[in-house]
There are 2 protein chains.
Amino acid sequence: MREPVRRAAEACPVEVAIAVVGGSWKMTVVKHLLGGPLRFNALNRAVGPVTPRVLTRQLRDLEADGVVHREVYPEVPPRVEYSLTPLGESLAGLVESLNTWGEAYADRLAAASSS
Amino acid sequence: MREPVRRAAEACPVEVAIAVVGGSWKMTVVKHLLGGPLRFNALNRAVGPVTPRVLTRQLRDLEADGVVHREVYPEVPPRVEYSLTPLGESLAGLVESLNTWGEAYADRLAAASSS
DNA sequence: CAGAATCCAACGTGATACTG
DNA sequence: CAGTATCACGTTGGATTCTG
């Protein structure tokens, strides 16, 4: 388990959740993995303008927190597939909520800037 | 509107939501304000081990993002009340989801460390 | 293909002390 | 009471280049 998560546990359940899913791209990664396993580069392209370096870090965090599973196939060329663990799948509702709220917020932004 | 939020809007609605609520203590602040307005020190005590310096920053962010309203009463001693805007109240469901998921996760942690 | 290595700038977070 | 000022520091996110 990662340290930030453990520290958050001292304070509030809400902080625990934020510690796990609060990093940038993390929930977007989960969102795209809800459709099924993806390989590293496919995920990279799906998530958005994220560099491999950063994506790797986030994936390692998610793996350490038990949200994501990393499966390495010893082939040439190398293949690595990322998928959600059951715990990761339990985030589906949260992703949906974030997506909906984020959309509404973006609409509000657009409306504000056009006025 | 804050820059991080605007940048997130280019990528994914999920990132927008995370940009607004992803900071530490932010959602915990919202959680406690759901019960009604609170003064600065009351909020400080309710949220947890957060320094005034940090809490102030988070509150300013939330204010800039339209989630929180800051009302200053020109009295002596000074009184400042923080409350949720309608947009802030629309986060109620999200807070609930985070709280529930965080609790379940904390339980999982406890179970893992006792085994 | 899936990253690792290296480097860096910017932030986020925090402790401590002070003030209108 | 509700902050602000100052300082410090670790982490994050990112660009770039390289490799088994």
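Proteins come first, then strands; the chains are lettered A, B, ... in the order of their sequence lines, and each starts at number 1. Everything numeric in this text was worked out from a predicted model, so none of it was measured.
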Is there a side-chain contact between B:S24 and B:Q58, using heavy atoms and a 4.5 Å cut-off?
yes

Are A:V72 and A:V67 connected in the hydrophobic side-chain network, where two residues link if heavy atoms are under 4.5 Å apart?
yes

Under 4.0 Å, counting only non-hydrogen atoms across every strand here, what does B:Y82 touch: a base, just sugar-phosphate, or nothing?
sugar-phosphate

Assign each of B:R53 and B:F40 to its nearest nucleotide of DNA chain D by heavy atoms, then name whichever residue's nucleotide is nearer the 5' end.
B:F40

If the helix axis at each end comes from five base pairs, how far does the helix from C:dC1-D:dG20 to C:dG20-D:dC1 deviate from straight, to 10°?
60°

Tell me what B:Q58 touches on the nucleic acid: a base, only sugar-phosphate, or nothing, going by heavy atoms under 4.0 Å.
sugar-phosphate

Rounded to the nearest 0.5 Å, what separation is found between the CH2 atom of B:W101 and the OG atom of A:S97?
13.5 Å

Please check: side-chain N/O of A:Y105 versus main-chain N/O of B:L87, any donor-acceptor pairing under 3.5 Å?
no

With side chains defined as the heavy atoms from C-beta onward, is the minimum distance between A:V21 and A:V95 less than 4.5 Å?
no

Taking any atom under 4.0 angstrom from a heavy atom of chain B, which nucleotides of DNA chain C are the first and last to qualify, 5' to 3'?
C:dG12 to C:dG20

Looking only at atom types and distance, does a side-chain atom of B:N44 sit under 3.5 Å from a main-chain N or O of B:V50, one as donor and one as acceptor?
yes

Select base, sugar-phosphate, or nothing to describe what A:R7 touches, counting heavy atoms under 4.0 Å on all strands.
nothing

Minimal heavy-atom distance between A:L34 and A:A92, with the atoms involved, is CD2-CB, 4.0 Å

Closest-nucleotide ordering on DNA chain C, the 5'-leading residue of B:T51 and B:R57
B:R57

Under a criterion of less than 4.0 angstrom to any heavy atom of chain A, what are the 5'-terminal and 3'-terminal contacting nucleotides of DNA chain D?
D:dT12 to D:dG20

Students often get this wrong, so: under 4.0 angstrom with heavy atoms, is B:V80 touching a base, only sugar-phosphate, or nothing?
sugar-phosphate

Close side-chain approach of B:C12 and A:W25, heavy atoms under 4.5 Å:
no

Is it the case that the side chain of B:R7 and the backbone of B:R2 share a donor-acceptor pair, with hydrogens and angles ignored and the cut-off at 3.5 Å?
no

Are the side chain of B:H69 and the backbone N or O of B:T85 linked by a donor-acceptor pair below 3.5 Å?
no

Sole candidate of B:V68, B:V47, B:L62 that passes side-chain contact (heavy atoms from CB on, under 4.5 Å) when paired with B:L33
B:V68

